[in-house]
Structures are given as structure tokens and as C-alpha cells.
Amino acid sequence: MEAVRFDELELDERILRAVTDMGFEAASPIQAQAIPVQIEGRDVVGQAQTGTGKTAAFGIPLLQKIDPKNKKLQAIALCPTRELAIQVADEIRRLAKYMHGIKVLPIYGGQDIVRQIRGLKDGTQIVIGTPGRVMDHMRRKTIRCDHIHTVIMDEADEMLNMGFLEDMETILSQLPEERQTVMFSATMPVEIQNIAGRFQKNPVTVKVVKKELTVPKVTQYYYEVKPKTKVEVMCRLLDMYAPKLSIAFCNTKKQVDELVQDLQGRGYFAEGLHGDLKQMQRDRVMGSFRSGATEILVATDVAARGIDVDNVEAVFNYDIPQDDEYYVHRIGRTGRAGKDGIAFSLVVGKEVYKLRDIQRYCKTKIIPQAIPSLDDITAIKAEKIMEQVMDLINDTDLTKMVNIIEKKVLEEEECTSLDVAAALLKLAMGEENEDIIDCSRPARSLDDLDRYSRDGRRGRGGRDRRGGRDGRYGRDGRYDRDEREDMARLFVNIGKNQNVRPGDILGAVAGESGISGKMVGSIDMYENYTFVEVPREYADAVLRAMKDVKIKGKNIHMEKANGKGR
């Protein structure tokens, strides 16, 4: 599947700039096919499912035709529901971000019609509305059709199902004959075909054909999350399954950069891959990933083309892909060469319906899962270690080790071999495994995660993963950076005696204040208090954010250090 970049579509540079700001690199299949045809001025029948990028498919060519200097109504888009009308209007506004003078107005039933009339009189060029309310305005003469050159019907089959057939026909019959008529519909019932035949002139049919998709043998799970808990859930899954190499897919370059920053701030070895990287940077990132120095590769679909790494153990759909084929290509990055693979999808709100479409078209099973709790993570870690232990027992001569343990047990006479085994298991799982997720109880719901997102994240075995890869942290967990005058030193009344680690302080400061973990300077920890450096310009904001925060279940007090031992 060869992707088409937006900069290959001969778009107005202002629209291209807005698309770039939104973070998109490549057009979806429906966009790649529909945009050039509409720019030519042809009538179009587009057949595609919801969530394939239809709004941009008609919104981009529509904006290219709008004259900002002409304050008359130039285009109408009909939508079946008020929610869709608002959503379409918002996206077209984002696409028109740099096209000054263009006004987009959603109109629908249930909203004060006087306000809508006022908006129409203010010089609106594009109306996005439901059929009933659009007809109401046409009867009142508050919508005048003289200058309309484009009409769009979005989700035409849904408007048919909702009883808007007559309204659609009435509206179309009152518009100027010389116009462009664009219709998008997931299905093409006879009534919709009849509308196309009556009101369109030699329309070009654009259809996203679903190929026969072969889904690799990969275990697939999905988790319903809130937008602000996605990073937290991904970190829990990383801690629970501990994949050596994994790829996380995002839909935009901006999201790639943000996720990489979040993961690095929590101590994971992550790097990003997207279209803004030069070839030298791309080669460096891929070399680091292949060698294992980078454990998590965060990428867009376009940038990930050509990646061929056999040892990827997990794939994360951090964003649900717009196209079914992208999903198959993504999860196909794991489970190679006869090895087991696992795929995790993080679903927000109505994206669950898109995932069901993917499941249906791909003829695959994506299993819903509850967000893992502390008990789940502990049990999985213990199980993995015990599997390694049993392999070692079966494949290795342990006589020398047995003698050492027997001698120790016999000499001390204060512990048993079972005690020694339990202690070794605890060491293998981490010195303080209970700190993997610091909370008063396991997260049994998504709402619980809101409270836990501030806590520092641990890697495999519960140990702090920040280990000098880029010189940021030394052996004692302190930040290895020369002191700079632009850093402010803050005092926290909690330290080693309260069983706190530098990562806990870092996680709390970054999670509560919203600043990146990378921006936090040295963390000097003593028995009963800690000093932490933050950029001077953010110091007051950090203090406000930390006012009522608990760390490891303990109330804390933070203030600016006074320079006298504090």
C-alpha cells in the first residue's frame, strides 16, 4: 500500500501548512483518491467507512475553492446529526487556520436560531448543517443560495436512515444548477444511487476497496482508556509484559514526539521515527533499535515502512489507525520468524467502534482486557522469573550453587533454603517491587489512573531504569548536569527514611506540574529531605502544583531552598 504525501497533492500552501501543524504526513486512501478529483471540479461519489478521513477528503478541496473576499455563502455541507456537524465544522476550521477571512458556521436543531441568523448575516462562506435546520433557514431566506458553488452530503446513507431523503432532495433542487455536488456514503442503497443520478453530473466514483487481509498470528488485546491515561496504561503494560523490543504507533508526528518525551521522562529507552527526520537521524534511531539500546520505537505508519526487525516482541497501537490495512501492517511487525507476538490497542471513547470495524474486516479477534493492577504485574513478573528458574534447573549443573546455599543455611541456622529462594526472587523482581505502581490500592478502573499518573515509573524488575544511557543519571540516581543559573532549587520534606527514591520525586513533579521529566535537574536525596532542581521560570508553577500532593502515601511540603543548607 503506497502512501501519498499531502505535499504531493498540489495543495494551497496555507492548507498544507495547517495539515503539517495537525501532524499528518500522508493522505489516507480516500483522501488520496478524492482530493485531486474534486480539485478538478468534478462531481464525486465517495464510498468509505466512518473514520477514514472523509472530512479532510472533502474539506481540503472545498477550502481551495472558497473566496475569502466574498462574504456570501459559497458552500453547504449536510450532515445527519448535530454532533457530526460540529465535528466537521471544527476540522474544516483547523484546515483553514492560515486562510484568513474564511468563516465556517455549524447550524442544527436545538440551538438558538436567532444566534444562527446573526452568524449567517456576519458573512459566513461555509455552512455545515443538518437537513431540517438548513431547510428552515432556506424558508426564512436567511440562507440564500445564489452564490453557492459546492454542496456536500456527508454520510448520505445515514441521513436516509434518519428520514431526511425528502429534505435532501428539496435542498438540492433549490441550489444553483452550476455547482459541484460531492456525496460520501458508507453504503449505496438504491435511494442514494437515485439522488446521485438526479443531482450529479457524470460523477467520479471513489471507493476504498477492502483488500483480503491476512492477519499474522499475534495475540491481540485492547484497553479502553481516557486520553490523559494512555501513557500510564502503556507504561503498566510495558512493566507487566517486559518486552525486550517494542514498537508504538501514533497517527501524527506531533504525537510521536510527545509520547517519546513522556516515555523518556519516565525512564524508558524510547526514540521516535517520523517524516521530519533526516536520513542520518533515521539510520541512527534504527541502529539503536536493532542493537537493543533503544527498547521502544515510536513511529508513524509512513515512517515505519521498510522497518524489518525480527525480535520485536510487542506492538502498541497508541493511536487507533484510520485504515484497516494500517492495523494489519502494524501488528505484522511482531510475531515474526515463528516467534510469539502480542499487540495492544489503546482505545478512547468511540474509537471502540472503529476497532470493531477493523476486527470485522480483518476477520481477527481483538480481546478486551482490564487495565492491569499491581497484583497482576507482580504475578506476571514472578511467573516469568520462575520460568527462567525452571529452565536453568533443567539445563544447567547447579551443584556448586547448591553447595554454597547448603553451607550458608547450615552455618547460619536461621533460615531455610525456601527463605533463600524467596529472598533471591525478591531481588530478581526488584528491591522494592511494591513501588512499581505506588497507590493505596490496585487500579480497578480507569478513573484510578488519574491519581496514579504522577508516580515515577519503574522498568523490568521494579528497578529504576534511568541508568546513564545518555549521562543524565549517575549511579545514585542523581542528575549528572552542570549546575546552571537558570535552575531553581526546591526543598521537599521527604527523603530516604520515608522509603522514597529519586524517581518518585521526578514522577510527582513531572506528573503534577506537566513539565517534562527531562527538564528536572539534580535530585539530591538525604535521610529526611530532598533537594530538586527545576527550571527557574517554572519554579512557582511547580510549587503550586505540588501544594496538596502525596508521595508514597505521605503528605509533603515543598518550598524554595533558602541557600543555608536548604
Side-chain angles (χ1 to χ4, degrees), residues 235-246 266-269 291-293 295-296 311 313-314 339-340 342 372-443 452 455-469 473-478 495-507 523 525 527 551-553:
C235 289
R236 287 191 174 209
L237 294 172
L238 286 167
D239 289 346
M240 183 171 177
Y241 288 92
K244 291 180 180 177
L245 293 180
S246 56
R266 291 166 177 252
Y268 296 92
F269 300 158
S291 70
E295 297 174 338
I296 307 163
N311 298 322
E313 295 181 358
K339 298 178 181 178
D340 294 333
I342 191 165
S373 68
L374 172 61
D375 293 339
D376 296 330
I377 294 174
T378 302
I380 288 287
K381 286 179 177 293
E383 184 178 343
K384 285 182 176 293
I385 292 170
M386 290 307 297
E387 286 177 0
Q388 294 173 351
V389 168
M390 295 310 297
D391 289 342
L392 206 59
I393 290 173
N394 293 329
D395 301 336
T396 310
D397 182 3
L398 299 174
T399 303
K400 187 176 181 179
M401 303 301 149
V402 169
N403 292 336
I404 292 172
I405 292 173
E406 284 182 343
K407 182 179 179 182
K408 184 69 176 174
V409 170
L410 289 173
E411 285 182 356
E412 298 293 339
E413 296 184 354
E414 292 180 359
C415 62
T416 66
S417 299
L418 188 59
D419 292 331
V420 173
L424 290 171
L425 177 61
K426 183 175 178 63
L427 283 173
M429 292 183 67
E431 190 176 344
E432 295 177 52
N433 187 58
E434 64 273 14
D435 291 341
I436 294 170
I437 298 171
D438 177 34
C439 50
S440 56
R441 61 183 174 84
Y452 305 156
D455 295 325
R457 196 57 37 218
R458 296 291 186 265
R460 291 194 288 275
R463 292 182 293 274
D464 197 323
R465 296 171 64 123
R466 303 173 179 90
R469 177 176 65 93
Y473 281 80
R475 286 170 295 180
D476 60 352
R478 291 174 57 181
K496 294 177 183 176
N497 286 349
Q498 287 74 43
N499 205 22
V500 174
R501 291 183 174 186
D504 300 313
I505 304 291
L506 176 69
I523 300 176
M525 185 163 283
E527 299 302 320
I551 296 179
K552 305 294 282 286

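All residue numbers refer to positions in the sequence shown, counting from 1.
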### Message
Checking Glu313 now: which residues fulfil side-chain contact (heavy atoms from CB on, under 4.5 Å) with it, not counting sequence neighbours?
### Response
Pro243, Lys244

Do any side-chain atoms of residues 385-396 form donor-acceptor pairs under 3.5 angstrom with protein atoms, and if so which ones, sequence neighbours left out?
| residue | atom | partner | partner atom | Å |
| --- | --- | --- | --- | --- |
| Asn394 | ND2 | Met390 | O | 3.1 |
| Thr396 | OG1 | Leu392 | O | 3.3 |

### Task
For Met525 and Val500, work out which heavy atoms get closest and say how close.
SD-O, 3.1 Å

### Task
Applying side-chain contact (heavy atoms from CB on, under 4.5 Å), name anything that partners Ile342, two or more places apart in sequence or on another chain.
Thr219, Tyr221, Tyr241, Ala314, Phe344

